[in-house]
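This structure is a prediction, so every number in the text was calculated from the model and none was measured. Only heavy atoms go into these numbers, but all of them, side chains included; no hydrogens, no water, no symmetry mates. Chain letters run A, B, ... following the sequence lines, proteins first, then strands; residues in each count from 1.
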There are 2 protein chains.
Amino acid sequence: MTHHPSGQTAIPPGQATHCEGCSLSAHCLPGGLARDQMTDFDAIIHRPRPLRRGARLVRQGAPFTSLYVVRSGSFKQVVVDAAHRELVTHFLLPSDVAGLDALGEARHPSSVVALESSFVCELPFGSLEALGDRFPALRGALYRSMSQVLERDQGMNCLLSCASAETRMASFLLDMSERFAARGYSPHGFQLAMSRADIGSFLGVALETVSRLLGRLQRQGLISVEGRTLVLRDIPALEARVSGTRPGR
Amino acid sequence: MTHHPSGQTAIPPGQATHCEGCSLSAHCLPGGLARDQMTDFDAIIHRPRPLRRGARLVRQGAPFTSLYVVRSGSFKQVVVDAAHRELVTHFLLPSDVAGLDALGEARHPSSVVALESSFVCELPFGSLEALGDRFPALRGALYRSMSQVLERDQGMNCLLSCASAETRMASFLLDMSERFAARGYSPHGFQLAMSRADIGSFLGVALETVSRLLGRLQRQGLISVEGRTLVLRDIPALEARVSGTRPGR
DNA sequence: CGTTTCTTTGACAAAATTCAAGGTTTGTGG
DNA sequence: CCACAAACCTTGAATTTTGTCAAAGAAACG
């Protein structure tokens, strides 16, 4: 899921980082703000901080104080359920917002873990709200982010309710592809930053099934996989797998 | 899902309905407002309107203008996916809010259909937002509602990802029970307003499986079912089924 | 009171999981 | 830079769960 083929070069560590010059700003929360408003927004955010692979950005149960925007790298969002299983609920790419599910709550209902070396911008929610009073566009962007998550979750529910393992896999690959494309990267090939186990947890299938499905899709010529390097060779065919699901339910 | 055993008597049709006197107001959006603020809130809402079984409160794809609070009765939220299948994503009980998933969008991404004769209060979103500027508590309540939906969806995803059909069923029954309890009704027995097909769609299992599972749980003495009348006879045992899921994944 | 919709139940088939074992990659310390 | 350990990935075989198809019974509706 390294969004930049050769790693970390796109965004320099911690300096020279202002929303105005940021390549993500169009898709990011302050996207709809005017130039001078963005300066104010800039003032409240905590500058990008680095996280290593495996580091927790947000810990389930910790008090909610800030939202985080992924600047570079990627994350998985996980919840630990009653049976102490870790379940992956989301994968976050640059410009995605972490912590939204805690917004109305005192504590975070899920954890967010870096899948690779990553940078995030921290948005203290108090300041954000205060700014929202002055810039309605900012509040609108926040609403939009939340309802995008809602819609995404709803789509996921549909997938989990009634799609075969193969359809889930195809959906996942296409979804990743679209999200990369939306961020200006190639929709045809990318790196998966997460393990097979993460994908399995996310899609609700066993990790062995993930492995078998990737193998099968490769044999059928729809994709190429080599470790975590993925190439989508026949996107229309993948799309056909998604729409052509089992009849019933 | 009739929350009042003998039907519709709890809330009179359309008159004498103000938030202040409403039995739901504690759990409802204006719950945190002061007395005089509630009067203002009262002024923006459109008074309860009746819907018959099968009537659509919200139509997927229709422009988003209002949120709706369920006053009495119950609803199912459904999405029609790419393969033209209707999938049930939520069941709404009194005090639940319909339309939240459209909040940042121009159009509703899902439909909301009455499962029985029901009443709702309509909250024009424009007025609601305007009022939110004056009463921060109201905006907080809105955030809370949204993140509750997010959390619920996330829980559902977990259930669908890694629970057996039986566990899903037990979860569903307990969830209903809790929600009835939270609204002041008995957690031990209630009416299901939805069909087996709806439950199946919601839980991601075939309707025949729903039927078999209910039968099995009954034979084991955990519940009694007769048509859509349900009695939970052994809630702790049901809870044990939920936590004691399959080991793997 | 008949028709439609909903529900239950059985037999069979298919999909996916579990268990097991071997192979590969990644990361670390000497 | 190499060697070793740990984590990760693949593949096979047997088993289990759940879906599909079919048919009959019950309930709801006009």
To the nearest angstrom, how far is [X] atom [atom1] from [N] atom [atom2]?
X	N	atom1	atom2	value
Leu115(A)	dC8(D)	CG	P	12 Å
Met169(A)	dC9(D)	CE	P	12 Å
Arg168(A)	dT17(C)	CZ	C1'	13 Å
Glu226(A)	dC9(D)	CD	P	14 Å
Ile199(A)	dA16(C)	CD1	C1'	17 Å
Leu160(B)	dT17(D)	CG	C1'	16 Å
Glu166(A)	dA16(C)	CD	P	8 Å
Arg216(B)	dT16(D)	CZ	C1'	12 Å

Excluding sequence neighbours, so at least two apart, what forms salt bridge (charged side-chain N to carboxylate O under 4.0 Å, His left out) with [X]?
X	result
Glu208(A)	none
Asp198(B)	Lys76(B)
Arg233(A)	none
Glu166(A)	Arg216(A), Arg241(A)

Next on the checklist: Going by salt bridge (Lys or Arg N to Asp or Glu O under 4.0 Å), name the pairs with one or both residues in residues 169-178 of chain A, residues two or more places apart or in two chains.
Outcome noted: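 Salt bridge (Lys or Arg N to Asp or Glu O under 4.0 Å) check on residues 169-178 of chain A returns Arg152(A)-Asp175(A), Asp175(A)-Arg179(A).
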Checklist entry - Applying salt bridge (Lys or Arg N to Asp or Glu O under 4.0 Å), which residue pairs with at least one partner in residues 52-67 of chain B are found, sequence neighbours left out? => result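 Only Arg56(B)-Glu86(B) qualify under salt bridge (Lys or Arg N to Asp or Glu O under 4.0 Å).
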Checklist entry - Between the two ends of the helix from dC1(C)-dG30(D) to dG30(C)-dC1(D), what is the bend in degrees, rounded to 10 degrees, where each end axis spans five pairs? => result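 Angle reported: 60°, given to the nearest ten degrees.
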Checklist entry - If every non-hydrogen atom of Leu67(A) is compared with every non-hydrogen atom of Val97(A), which pair is closest and at what distance? => result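 Here Leu67(A) and Val97(A) meet closest at CB-CG1, 4.1 Å.
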Checklist entry - With sequence neighbours excluded, what pairs up with His90(A) under the ring-ring contact (aromatic ring centres under 6.0 Å, His included) test? => result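 His90(A) satisfies ring-ring contact (aromatic ring centres under 6.0 Å, His included) with no other residue.
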Next on the checklist: Measuring centre to centre across the rings, with the benzene-like ring taken for any Trp, is Phe91(B) within less than 6.0 Å of Phe202(B)?
Outcome noted: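 Yes - the distance between ring centres of Phe91(B) and Phe202(B) falls below the 6.0 Å cut-off.
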Checklist entry - Base, backbone or nothing for each nucleotide of nucleotides 1-9 of chain C, written B, S, -, heavy atoms under 4.0 angstrom, 5' to 3'? => result -----SSBB
